[in-house]
Amino acid sequence: MSSRPVTPKGHRPYDLGDPHTERVLGIVMALATEVAVMHDQYDTLARVASSQPTFSLQDLEDYRPSLEVMAERDAWRKAYLGRLMRILYEAVPEDRGAGEAYARFVDEIS
Amino acid sequence: MQRLEPHALLPRQSSEEESRHAFLIEMKNMLSGEMAEGVRAAWERSARPAFEKAHGRAPKDRHEAAKAMRQEPFYQMWSALGRIQQEIYVESTAACVERQLPQLVEKFRAYAAQPKFGSLRLNPDVTIPRYISAVDIHCVPGGYFFEQGEDDVYVGARYDIGSFIFGRGLRGPLNDSRGLTGVKYVKDHWPDLKPLRILDMGCAAGMNTLPYCDAFPDAEIHAVDVSAPALRYAHARAESLGRKVAFSQQNAEATEFEDESFDLIVSHILFHESSRKGVYGFAKECHRLLKPGGRMLHLDVPRRLTARTPYDQFIADWDTFNNNEPFWGSFLFDMDMTRPAVEAGFAAEDVSETLAPTPSGKAQYWAYAAVKRAAP
C-alpha cells in the first residue's frame, strides 16, 4: 500500500457554501472525466477494428491518435463539456413569485 | 494539442491517462475561456451594480471585488470546478508516476552512477524555507519534498507531466517555454552578453534550465533547488537529453558559490512561490554572486503587469486562496519590486520590470531584470 498522501496540506475552500454539494460536484466531474476516457477508448476500438481484421488488447493500448484524430477528439470534448455545463447558462430565476403564479395557472386550467 | 516529447525519464502515460489528461486540459480551457467570460458577465451585470448600489461607489480593490463576487452563483460554480479540475489531474498524474516509480528510480540510479554530461550534489542538511513547506503549493499532496524511499524521483516526475497539463500543453513538448523566453530576452536585450557561468535559481525538475545549455554552449551552467527528489529527476532528465548542468541542493537565498562568480543568474516562476523575505533574499544573493557587468533575469507570471482593475486582480488572485499559493496575490499586486534590488545593491535605474514575449509570441511573462555595475 502506498504511503503517498492524497490530501494537500493547506486550507481547502468550499465555494458552494455546503461542502457536501461541492463534494457531489467533485464526484460528478470525476465521473464525467471517466466518461470522456471511455469515449476515447470506444473511438480507438472502432478505428483499430475497422483498419485491421484482428487485433490484441496491446494493439488498443499502443494506438495513439494522429494529429487529425486528436483534433476531432478535442472538438468532441469541447462539445461534451458544453452539454455538461448547459444548465449553468440558464438564467437564475429571480422572481420567486413566478412559481406561485404558475401554480395558480395550473389550478385555473385544471 | 501538443504531446510531451518522450525522453528516458518521462513517465509513460497509458492511453487511458492520456485521454483523461486531454479531457482535463479541455476542462481548463473551458474554465479560462468561455466560462471565464460568464464570470465577467456576472461581475458586470450583478456583482458590481449590487456593490455600487450598497456603497455609492465602485469597488476600489481586489478585496472589495472579492466580497462582491464570492456571493455570485456563477462565480461559485466556476471556482469550485477550478479546484476540482486541479484535484483530479494531480491525483491522476500522481497515480501514473507511482505505478512506474521503481523503474524511474532505477533509471535515475543508472544515470547518476555514470553521468556523461553534468553532475548532482545533494545536501540533506539544507534548510527548507517555511514559505515552500508550510502548505503543499498547487495542491499537490506531499508538495516538493515527499519521498517514499531512497533515490526517490517522484516529485520531479509528477511535476514534469503535471506541468504540461497545468499549462494546457502550451509550454511546449519539453515544458521549457519559460527557459526559451529567458534565452530570447537575453539575446534581444543583451546581445553583447556572452555568459561563461550561468545560475538557474529554483530549477525544480530543470525543464527551464536546459534551453540555456543550447543557447550558450560555452557556458558552465549551474542550477539549484531545495528539493532533492526534484533535483534527482532534473539530473537524470538532463543526462537523458544530453545536456550538461551542475545541479546542487541549495537554498537560492544563501548559496555556497563564491562572490562575483556568475555572469548571468536566472529564475523561472520562483518568486511567486516564495515570500516577501524570500524575494529580498534572492535579490541580495544575485548581487553577491554576479560579476560586475553581470545580469539577473527573473521570469514570473505576467499578471503582475497586466491585471489592472479590481475585478481582474480579484480573478488573478484566485490561486492565492484556491490553489495553495499563499504569496501569489501579495507578489502580484502589493510589492514594489524596485526595493529588493536596490536594497541588494543594484542601482534603481538599472532595474526593470517588463513583459517578455515567448518565442512563439503567443504568451508573455513578467521579466524582472538588473545589471550589476562595476564598483566605482
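Every chain is numbered from 1 and lettered A, B, ... according to where its sequence line falls, protein lines coming before strand lines.
For Glu18(B) and Arg73(A), the salt-bridge test fails: no basic side-chain N is under 4.0 Å from an acidic carboxylate O. Taking the charged nitrogens against the carboxylate oxygens, Glu61(A) and Arg12(B) do have a contact shorter than 4.0 Å, which makes a salt bridge.
Contact annotation for Glu147(B): neither backbone nor side-chain heavy atoms come within less than 4.5 Å of a heavy atom of chain A. Within the 4.5 angstrom heavy-atom criterion, no atom of Ile137(B) approaches chain A. Using a 4.5 Å cut-off between heavy atoms, Glu34(B) touches chain A through backbone and side chain atoms alike. Of the two parts of Ser133(B), only the backbone, made up of N, CA, C and O, holds a non-hydrogen atom closer than 4.5 Å to a non-hydrogen atom of chain A. Both the backbone and the side chain of Ala95(B) come within contact range of chain A, judged by heavy atoms closer than 4.5 Å. Residue Glu98(B) touches chain A through its side chain alone, counting heavy-atom pairs closer than 4.5 Å. Met77(B) touches chain A through backbone and side chain together, each having a heavy atom under 4.5 Å away. Ala94(B) touches chain A through backbone and side chain together, each having a heavy atom under 4.5 Å away. Heavy atoms closer than 4.5 Å to chain B are found nowhere in Met38(A), neither backbone nor side chain.
Aromatic ring orientation, Tyr80(A) versus Phe23(B): tilted (interplanar angle from 30° to 60°).
Residues Leu16(A) and Ala80(B) approach most closely at CG-CB, 4.0 Å, considering heavy atoms.
Separation of atoms CD (Gln76(B)) and OH (Tyr14(A)) is listed at 15.0 Å; rounding is to 0.5 Å. Rounding to the nearest 0.5 Å gives a distance of 6.0 Å between CE of Met35(B) and CE of Met85(A).
For residues 25-33 of chain A, the interface with chain B (any heavy-atom pair closer than 4.5 Å) comprises Leu25(A), Gly26(A), Met29(A), Ala30(A), Ala32(A), Thr33(A), sorted by residue number.
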Pair Arg64(A)-Arg3(B), side-chain contact (heavy atoms from CB on, under 4.5 Å): steps then yes or no: CA-CA 11 Å; Arg64(A) 286 295 183 276; Arg3(B) 282 198 177 100; 3.7 Å; yes

Take Asn29(B) and Arg77(A), measure what side-chain contact (heavy atoms from CB on, under 4.5 Å) needs, and give me the verdict at the end. CA-CA 11 Å; Asn29(B) 284 337; Arg77(A) 291 179 192 114; over 6 Å; no

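For the pair Leu84(A) and Leu81(B), the minimum side-chain heavy-atom distance is 4.5 Å or more. Between Tyr75(B) and Asp15(A), the closest side-chain pair of non-hydrogen atoms falls below 4.5 Å. Looking only at side-chain heavy atoms (C-beta outward), Arg4(A) and Arg158(B) stay at 4.5 Å or farther from each other.
Few gaps surround CD on Gln52(A); more than 12 heavy atoms of other groups in view lie less than 6.0 Å from it.
Under the 3.5 Å distance criterion, the side-chain polar atoms of Asn322(B) are left unmatched by any main-chain donor or acceptor of Pro13(A).
The greatest number of non-hydrogen atom pairs below 4.5 Å with chain A, out of Gly142(B), Ser14(B), Gly38(B), is found for Ser14(B).
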